[in-house]
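Before any comments, here is the structure.
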Amino acid sequence: MVIATTERLILRHWQNSDQEPFSRMNADSRVMEFMPSLLSRDESDALIDHIESHFRERGFGLCAAELRQDHSFVGFIGLAVPRFQAIFTPCVEIGWRLSAEYWGQGLATEGAREIVRCAFGNLELKDLVSFTVPGNWRSRRVMEKLGMSHNPADDFDHPNLPQGHPLRRHVLYRLRRSQFESAPF
């Protein structure tokens, strides 16, 4: 089922045909550079099951993203409720993960803008967060293009990663509905 479309993307529920390209993507060290580990095929398939369960429980989730032009699977873009406790939870996170071959084309920003429109429009959410490690400049740039703001006082240590882990420190970005409504795009 299609959730949203953009000029170049279809954002939809997951299909069995997504399993193989999603697994390939999650086993790519470039894509997973800022994640704790690569995922096996079983772990990748379990993540799809979890995402679809999130859709059923919450009415929204991380959408499978495909190109409108040729229906190639490119990754995911969407919303999720983080499963950990932090000073800013409970919250709704906007996130994305694209196969490396689709980086640098503006697809993450294009899809994320449409997801933000859905979040603040259809879902009537008041705000969104997004977070990553400080060195993930590609994702941070998408956050900035969405109009999200970063306050260093909000940065946090990810509670699911052990003390001393190189990816433990995270930067937090926020977007309020009023910020998005006044954004010049």
Side-chain angles (χ1 to χ4, degrees), residues 9 11 14 18-51 54 60-66 72-116 119 127-175:
L9 295 171
L11 305 171
W14 294 73
D18 299 327
Q19 290 176 322
E20 195 276 323
F22 189 54
S23 176
R24 233 185 9 256
M25 182 180 86
N26 291 327
D28 184 333
S29 60
R30 296 169 299 168
V31 173
M32 302 299 280
E33 177 182 6
F34 299 110
M35 302 301 288
S37 64
L38 302 179
L39 300 182
S40 69
R41 173 62 189 257
D42 287 344
E43 290 168 325
S44 192
D45 289 351
L47 181 53
I48 291 174
D49 292 343
H50 171 75
I51 292 168
H54 189 283
F60 59 85
L62 297 169
C63 300
E66 69 177 49
S72 297
F73 175 86
V74 300
F76 69 68
I77 306 169
L79 303 172
V81 174
R83 295 184 280 179
F84 60 84
Q85 296 297 312
I87 193 74
F88 58 89
T89 62
C91 63
V92 177
E93 173 195 10
I94 184 167
W96 45 84
R97 184 182 305 165
L98 301 185
S99 293
E101 65 193 274
Y102 298 105
W103 291 355
Q105 300 174 38
L107 293 171
T109 303
E110 180 179 322
R113 279 192 180 131
E114 186 59 30
I115 292 297
V116 170
D127 52 29
L128 295 170
V129 301
S130 194
F131 47 85
T132 188
V133 298
N136 188 349
W137 291 106
R138 287 184 301 271
S139 278
R140 291 182 71 173
R141 185 69 186 123
V142 172
M143 294 170 199
E144 291 165 2
K145 286 179 180 180
L146 293 175
M148 300 186 95
S149 58
H150 170 242
N151 179 344
D154 291 335
D155 293 353
F156 68 102
D157 290 333
H158 199 295
N160 290 349
L161 295 172
Q163 199 79 349
H165 193 287
L167 299 177
R168 187 159 197 236
R169 193 71 180 157
H170 276 60
V171 293
L172 178 74
Y173 282 73
R174 297 178 186 268
L175 181 63

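Just the heavy atoms: all of them, side chains too, but no hydrogens, waters or symmetry mates, feed the values below.
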Original post:
Do M32 and R97 come close enough that some side-chain heavy atom pair is under 4.5 Å?
Top reply: yes
Original post:
OG of S99 to CZ of F76: how many Å apart, nearest 0.5 Å?
Top reply: 10.5 Å
Subject >> Gap between atom CZ of R140 and atom NZ of K145 - 0.5 Å precision >> reply: 14.5 Å
**OP:** Find out whether L9 and L107 are in side-chain contact, i.e. whether some heavy atom of one side chain is under 4.5 Å from a heavy atom of the other.
**Re:** yes
**OP:** Dump the intermediate steps for side chain to side chain contact (heavy atoms under 4.5 Å, CB included) on V142 and M148, then the final yes or no.
**Re:** CA-CA 9 Å; V142 172; M148 300 186 95; over 6 Å; no
Subject >> I77 CD1 to E110 CD distance, which is reported to the nearest 0.5 Å >> reply: 8.0 Å
Subject >> 4.5 Å side-chain heavy-atom contact, H54 and R83 >> reply: no
Original post:
Any side-chain heavy atom of L39 sitting closer than 4.5 Å to one from F22?
Top reply: no
Original post:
Can you check whether F73 and W14 have ring centres sitting under 6.0 Å from each other?
Top reply: yes
**OP:** Locate the shortest heavy-atom distance separating F34 from G135; write the atom from each residue and the value.
**Re:** CZ-O, 3.5 Å
Original post:
Are L79 and L62 close enough, and set up right, to give a side chain to side chain contact (heavy atoms under 4.5 Å, CB included), and what steps lead you there?
Top reply: CA-CA 5 Å; L79 303 172; L62 297 169; 5.9 Å; no
**OP:** Applying salt bridge (charged side-chain N to carboxylate O under 4.0 Å, His left out), run through R174 and D154 and close with a yes or a no.
**Re:** CA-CA 9 Å; R174 297 178 186 268; D154 291 335; 3.2 Å; yes
Original post:
Hey, what do you get for CZ (R169) to OG1 (T132), rounding to the nearest 0.5 Å?
Top reply: 13.5 Å
Subject >> Minimal non-hydrogen separation, L11 against C63, with atom names >> reply: CB-CB, 3.9 Å
Subject >> Any residue meeting ring pair (Phe, Tyr, Trp, His ring centres under 6.0 Å) with Y102, in chain and number order, not counting sequence neighbours >> reply: none
Original post:
At their closest point, which heavy atom of L161 faces which heavy atom of P36, and how far apart are they?
Top reply: CD2-CG, 3.7 Å
Subject >> Any V171 side-chain heavy atom under 4.5 Å of N136 side chain >> reply: no
Subject >> Side-chain H-bond candidate by donor/acceptor type, R41 with N26, under 3.5 Å >> reply: no
Subject >> Test item: E43 and S37 side chains (from C-beta on) under 4.5 Å apart, heavy atoms >> reply: no
**OP:** Quick one: closest heavy-atom pair of W103 and L98, and the distance?
**Re:** NE1-O, 2.9 Å
Validation: residues 87-94 side-chain donor-acceptor distances under 3.5 Å, sequence neighbours left out:
unit_1, atom_1, unit_2, atom_2, d
T89, OG1, A86, N, 2.9
T89, OG1, A86, O, 2.9

Subject >> Pair R24 + E20, salt bridge at N-O below 4.0 Å >> reply: yes
Original post:
Between CG of D45 and CD of Q19, what distance do you get to the nearest 0.5 Å?
Top reply: 4.0 Å
**OP:** Show your reasoning for whether salt bridge (charged side-chain N to carboxylate O under 4.0 Å, His left out) applies to R138 and E33.
**Re:** CA-CA 12 Å; R138 287 184 301 271; E33 177 182 6; 3.7 Å; yes
Subject >> Which residues share a ring pair (Phe, Tyr, Trp, His ring centres under 6.0 Å) with H158, sequence neighbours left out >> reply: F84, H170
Original post:
Does a donor on one side chain and an acceptor on the other come within less than 3.5 Å for H165 and D157?
Top reply: no
Original post:
How long is the gap from OG on S130 to CG on L172, to the nearest 0.5 Å?
Top reply: 8.5 Å
**OP:** Answer yes or no: is there a side-chain heavy-atom contact under 4.5 Å between V129 and Y173?
**Re:** no
Subject >> Minimum-distance pair of heavy atoms, taken over all atoms of A64 and D18 >> reply: CB-OD2, 3.8 Å
